[in-house]
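Scroll down for the structure; my scribbles are underneath it.
Values below: all heavy atoms of this structure, side chains included; hydrogens, waters and symmetry mates excluded.
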Amino acid sequence: MPKSLSQFLSEQGVDDNLLKEAANFREFYKLEDNLRFRIPDTLSYFYGKDIWNMCIAALLEGESILLSGPKATGKNLLADNLGTLFGRPQWNVSFNVNTDSASLIGTDTFVNNEVRLRKGAVYECATYGGFGVFDEINMAKNEAIVVLHSALDYRRIIDIPGYEKISLHDAARFIGTMNYEYAGTRELNEALVSRFLVIDIPQVEEDKLMLILQGYFADADMEKLDQFAGLFLDLQTKADHGEISTKSVDLRGLIACIRTIRRGLKPRLAVSMGVTGKTFDQYEKEIVGDVIRTRIPDSWQREDVFPSSLE
């Protein structure tokens, strides 16, 4: 585990005993060298002491967790960070209309004139003690949910038709993420929800947002960076009030556009790609454009946001 994550969590006030237990878990469950590339490696971290405490305690107890919250709240970042903290390989499944039991467990394939099972993400996770991340789990189809019921069951056994029953590795854990009432999602059935401990991830507040942006852009002018944070929060408020959709409330898009500014792009052009362009409704574009004009003047150049670029 990168030392910086351990320091970060201590500074956040995460329970020391939980961190020690997580370190013991990491030490106890050894990992083959050929799987180390699957351990998430990110330089950004999730902020939120209580949420960290809940996640670590649940995973130490062998539970699966469901991270529920609005868009741009850091659910996937947190899932990655947990994989790093526990030192486990990660398999991701992003649910969509094509995700079925074969893509989760595996499917028959011909190899050297023999029928063999090409293993899916859940099978690999169960075998090697990985962390399985089910992204947008509330988009799962019924046949995929059948597999999830089996994988998440307390018996920790998966019966693979035509092959064998496999027991989940003791270190295997599953983390679901979902945006409630997101377009294209469906209500999770009670049996599936009961297999998780559910953690609500709140919207990002100004102080945390600034910490996140400062982590990415330590070389930026802080007053200018504050305007980008304000832009995100203004759009988030408008989405909460139903004035716009959540399409332009995209933290990844905002971070990406600031990166292009550092690369040399004019801020208003960068924002056009990272924020305005995320919505395709003309009326909504005008509302978003009005918010941008109050925060990001057209006269700004890269040097205004990144003064060090003049050196």
R36 side chain vs E32 backbone, donor-acceptor pair below 3.5 Å: no
Over 12 non-hydrogen atoms of neighbours within 6.0 angstrom of CD in E190: no
Aromatic ring pairing W91/Y128, orientation class (parallel under 30°, perpendicular over 60°, tilted between): parallel
Any donor-acceptor N/O pair, R268 side chain to I296 backbone, under 3.5 Å: yes
Shortest non-hydrogen contact between S94 and T99, atoms and distance: O-OG1, 3.5 Å
Stepwise side-chain contact (heavy atoms from CB on, under 4.5 Å) test for L231 and I292: CA-CA 7 Å; L231 167 62; I292 291 173; 3.7 Å; yes
Heavy-atom donor-acceptor pair, R302 side chain to L265 backbone, under 3.5 Å: no
Any donor-acceptor pair under 3.5 Å from N53 side chain to V14 backbone: no
Side-chain heavy atoms of D226 within contact of E206, under 4.5 Å: yes
From F232 atom CZ to S248 atom OG, the distance as rounded to the nearest 0.5 Å: 9.5 Å
Interatomic spacing from CD in Q236 to CG in L251 - rounded to 0.5 Å: 9.5 Å
Lys NZ or Arg CZ of K266 over W300 ring: under 6.0 Å, within 45°: no
Heavy-atom closest contact (I51 atom, P202 atom, distance): CD1-CD, 3.4 Å
Side-chain donor-acceptor contact under 3.5 Å, T73 with Q203: no
Closest non-hydrogen atom pair, A239 against S245: CB-O, 3.8 Å
Validation row: S103, V93 side chains within 4.5 angstrom (heavy atoms): no
Residue pair K49 / E11, side-chain heavy-atom distance below 4.5 Å: no
Qualifying residues under salt bridge (Lys or Arg N to Asp or Glu O under 4.0 Å), relative to E243, sequence neighbours excluded: K238
Salt-bridge criterion met for R295 and D234 (N-O under 4.0 Å): yes
Side-chain touch I157/I166, heavy atoms, less than 4.5 angstrom: no
Ring geometry between F174 and F134 (parallel below 30°, tilted from 30 to 60°, perpendicular above 60°): parallel
salt_bridge(D100, K141) N-O dist < 4.0 Å: no
Partner residues of R263 under the side chain to side chain contact (heavy atoms under 4.5 Å, CB included) criterion, sequence neighbours left out: none
Parallel, tilted or perpendicular: ring planes of F86 versus F131, cut at 30 and 60 degrees: tilted
Donor on one side chain, acceptor on other, T177 and D135, under 3.5 Å: yes
Point-to-point distance, once rounded to the nearest 0.5 Å, from CG of L168 to OG1 of T127: 8.5 Å
D221 CG to L225 CG distance, which is reported to the nearest 0.5 Å: 8.5 Å
T84, I175, D80, L82 screened by side-chain contact (heavy atoms from CB on, under 4.5 Å) with Q90, the one that passes: D80
Lys/Arg-Asp/Glu bridge criterion (N-O < 4.0 Å) met for D298, R293: no
Pair N179, K75: side-chain N/O donor-acceptor within cut-off below 3.5 Å: yes
N/O donor-acceptor pair under 3.5 Å between K71 side chain and K247 backbone: yes
